[in-house]
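Index from 1, following the sequence.
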Amino acid sequence: QIRQAAKFIDSQGKRLVVISIIAVHGETDASLGRSGEAFAQGWRAVRRQADEDIRGLTGQTEPVLLHTYQTAGLDRRSDQSAGCTAAQIAWWQLWMSDVDPLCRCVGPVYWTVSNPDDFAHVTNRSLRRVGVQFGGYVFDDIFGGGRGPLRVVDLAWADERRLRLTYPRDIVIETDDSRVNVSGLGPGMGYDVEWAGSDGAP
């Protein structure tokens, strides 16, 4: 398809440049129990091979990027027993650029709404919003100043019951469900701490 598109564009005196691979995937890997690191390394291999093949077909010097989303919220749409693996996949989608700087995460999709007639997929409206999210991110990434995932840069105890998280830039925590349904995220508003061990250590 790329070879045919390149020939068609060339016949018009123009040049085809493939900017990015849009990768919407991860739920199956989590359900099958695959590790998050193997998932990320797999996409790294796909992007590098595609980059080599596409450059050979189009003659472009521009690198081929890979953009994916973070399958946060997957646990509500698939087998609950895959919860741990689902979290691994979601983390490694966020860390994709650590594995390959040309792989980028456009953000989480936990705000999507499950299709009432199909537990494995989301509504058409949600899919359109996912597309808009990809479009906005890719446009900013290619033509704007670029983007990077928001990460915690420091974590410390404020007192016996509270943690202090430091981010590289200011954030706003939503409280009115206007953009994300935070009411369904529990009292931690999406921040959950799991405790392990009889001594209460996290």
Side-chain angles (χ1 to χ4, degrees), residues 1-32 34-74 77 88-113 115 120-151 153 167-169 171 179-180:
Q1 290 176 334
I2 291 173
R3 182 184 292 110
Q4 290 175 335
K7 287 181 178 179
F8 177 73
I9 296 294
D10 184 65
S11 69
Q12 297 181 343
K14 299 177 182 179
R15 183 172 68 96
L16 175 67
V17 176
V18 177
I19 294 174
S20 176
I21 299 167
I22 305 298
V24 183
H25 191 64
E27 293 86 352
T28 300
D29 299 79
S31 299
L32 293 176
R34 293 179 179 149
S35 76
E37 184 174 9
F39 173 86
Q41 291 290 354
W43 277 122
R44 174 177 181 261
V46 167
R47 193 210 65 77
R48 290 189 169 192
Q49 185 63 59
D51 183 276
E52 181 181 333
D53 294 343
I54 289 170
R55 288 192 200 215
L57 293 171
T58 65
Q60 69 188 66
T61 57
E62 296 86 347
V64 178
L65 307 177
L66 183 142
H67 290 89
T68 189
Y69 60 19
Q70 186 186 28
T71 51
L74 174 147
R77 298 199 298 270
Q88 261 204 36
I89 297 295
W91 275 118
W92 279 93
Q93 286 166 330
L94 184 63
W95 296 333
M96 196 82 78
S97 58
D98 294 345
V99 175
D100 182 342
L102 297 182
C103 291
R104 316 281 172 77
C105 179
V106 306
V109 291
Y110 55 76
W111 44 263
T112 54
V113 178
N115 191 322
H121 299 94
V122 299
T123 62
N124 288 337
R125 176 181 166 84
S126 290
L127 289 175
R128 286 195 298 271
R129 290 182 62 195
V130 170
V132 170
Q133 179 174 319
F134 267 101
Y137 188 103
V138 173
F139 185 87
D140 287 349
D141 199 16
I142 304 302
F143 302 108
R147 288 195 186 184
L150 183 66
R151 301 185 182 189
V153 295
Y167 292 92
R169 58 183 183 268
I171 65 169
R179 293 174 63 92
V180 177

Answer yes or no: is there a side-chain heavy-atom contact under 4.5 Å between [X] and [Y]?
X: Pro63; Y: Asp51; result: yes
X: Asp141; Y: Leu65; result: yes
X: Ile19; Y: Val64; result: no
X: Val18; Y: Ser20; result: no
X: Ile89; Y: Trp91; result: no
X: Ile22; Y: Leu66; result: no
X: Gln49; Y: Asp53; result: yes
X: Tyr69; Y: Val130; result: yes

Provide the closest heavy-atom pair for [X] versus [Y] in the form atom of the first, atom of the second, distance.
X: Gln60; Y: Leu16; answer: OE1-O, 4.0 Å
X: Pro108; Y: Trp111; answer: O-NE1, 3.2 Å
X: Cys105; Y: Gln93; answer: CB-O, 3.2 Å
X: Gln133; Y: Val106; answer: NE2-O, 3.3 Å
X: Thr68; Y: Ala23; answer: OG1-O, 2.7 Å

For Phe134 and His67, I'd like to know if the aromatic rings sit close, meaning centre-to-centre distance below 6.0 Å.
no
Could you label the plane-to-plane angle of the Trp92 and Trp95 rings as parallel, tilted or perpendicular, counting under 30° as parallel and over 60° as perpendicular?
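Rings of Trp92 and Trp95: perpendicular, as their planes differ by over 60°.
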Worked verdict on Phe39 versus Arg44 for side chain to side chain contact (heavy atoms under 4.5 Å, CB included)
CA-CA 9 Å; Phe39 173 86; Arg44 174 177 181 261; over 6 Å; no
Determine yes or no for a side-chain-to-main-chain donor-acceptor pair under 3.5 angstrom, with [X] supplying the side chain and [Y] the backbone.
X: Gln70; Y: Leu94; result: no
X: Ser35; Y: Ala38; result: yes
X: Arg104; Y: Pro101; result: yes
X: Ser126; Y: Val113; result: yes
X: Arg47; Y: Cys103; result: no

Between Glu62 and Arg15, does at least one N-O distance fall below 4.0 Å, as a salt bridge requires?
yes
Salt-bridge criterion met for Lys14 and Asp10 (N-O under 4.0 Å)
no
Crowding at CD, Gln4 (>12 non-hydrogen neighbours, <6.0 Å)
no
Starting at OG1 of Thr58, measure out to CZ of Arg3 and round the result to the nearest 0.5 Å.
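One gets 11.5 Å once the value is rounded to the nearest 0.5 Å.
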What is the distance from atom NZ of Lys7 to atom CG of Leu57, rounded to the nearest 0.5 Å?
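Separation between the atoms: 9.5 Å.
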